[in-house]
Each structure stands twice: as structure tokens, then as C-alpha cells.
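Heads up: the structure comes next, in C-alpha cells.
Predicted, not measured: the structure shown is a model, and the values here were computed from it.
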Amino acid sequence: MPREFYAALCLVLVIEGLVLFAAPQGWQAMMRQALQLPPRTLRVFGALAMGAGLLTLQLIH
């Protein structure tokens with residue numbers, strides 16, 4: 001189990017790095033827009049992303 005968890009974390013880093021490498025200006029623009037959002041909205045988006053990820057993981061396994 002821990003091995004799969006660490007592999008998943010590594011894949012997250014690869015995907016995040018790929019976004020920064022491929023489209024740094026787009027990422028910067030997105031971050032500028034995110035700074036204008038209230039923290040509650042960011043939390044809701046984070047919760048939705050976690051829920052979607054967990055649901056997708058359940059469906060895959």
C-alpha cells in the first residue's frame with residue numbers, strides 16, 4: 001500500500017511539473033485569477049476536486 005501511495009504522489013508531481021513546463025504563462029494567469037477568489041470558493045473547488053478524485057479512484061479499483 002505505501003508503495004502505491006508514493007507512486008501516486010510522484011505522478012502528481014510529474015503532472016504538476018508538466019503543466020508548469022508546458023504552459024508557464026497560462027499557469028501564472030490562472031494563479032492571478034485564483035488570488036482574486038475568496039478562500040471559501042477555493043476550499044469548495046478543492047473539496048470538489050478531492051471528491052471527484054476519490055470517486056474516480058473507487059470506480060477504477
Side-chain angles (χ1 to χ4, degrees):
M1 172 73 175
R3 185 175 181 184
E4 289 87 4
F5 177 73
Y6 293 132
L9 286 179
C10 290
L11 285 174
V12 168
L13 290 173
V14 168
I15 292 168
E16 289 289 332
L18 181 63
V19 171
L20 287 171
F21 179 77
Q25 292 173 337
W27 185 86
Q28 287 175 326
M30 183 178 60
M31 288 301 110
R32 279 192 291 276
Q33 290 176 345
L35 286 171
Q36 296 174 357
L37 294 172
R40 180 175 170 84
T41 302
L42 294 173
R43 281 193 186 100
V44 169
F45 280 122
L48 290 172
M50 287 189 298
L54 287 171
L55 181 63
T56 304
L57 188 60
Q58 265 317 95
L59 292 173
I60 290 173
H61 282 276

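- Taken to the nearest 0.5 Å, the CG atom of Leu54 stands 11.0 Å off from the CG atom of Leu59.
- Atom CZ of Arg43 and atom CE of Met50 lie 11.0 Å apart (nearest 0.5 Å).
- Heavy atoms from other residues, nucleotides or ligands lying under 6.0 Å from CD of Gln25 number 12 at most.
- A donor-acceptor pair under 3.5 Å links the side-chain atoms of Thr56 to the main chain of Ala52, judged by distance alone.
- Met30 is not connected to Leu35 by any chain of hydrophobic side-chain contacts under 4.5 Å among Ile, Leu, Val, Met, Phe, Trp and Tyr, and they are in different clusters.
- The distance from the CD atom of Gln36 to the CE atom of Met31 is 12.0 Å, given to the nearest 0.5 Å.
- For the atom pair CD1 of Ile60 and CD of Gln58, the computed distance is 10.5 Å after rounding to the nearest 0.5 Å.
- Under the 4.5 Å side-chain heavy-atom criterion for grouping Ile, Leu, Val, Met, Phe, Trp and Tyr, Phe21 is not connected to Val14 through any hydrophobic cluster.
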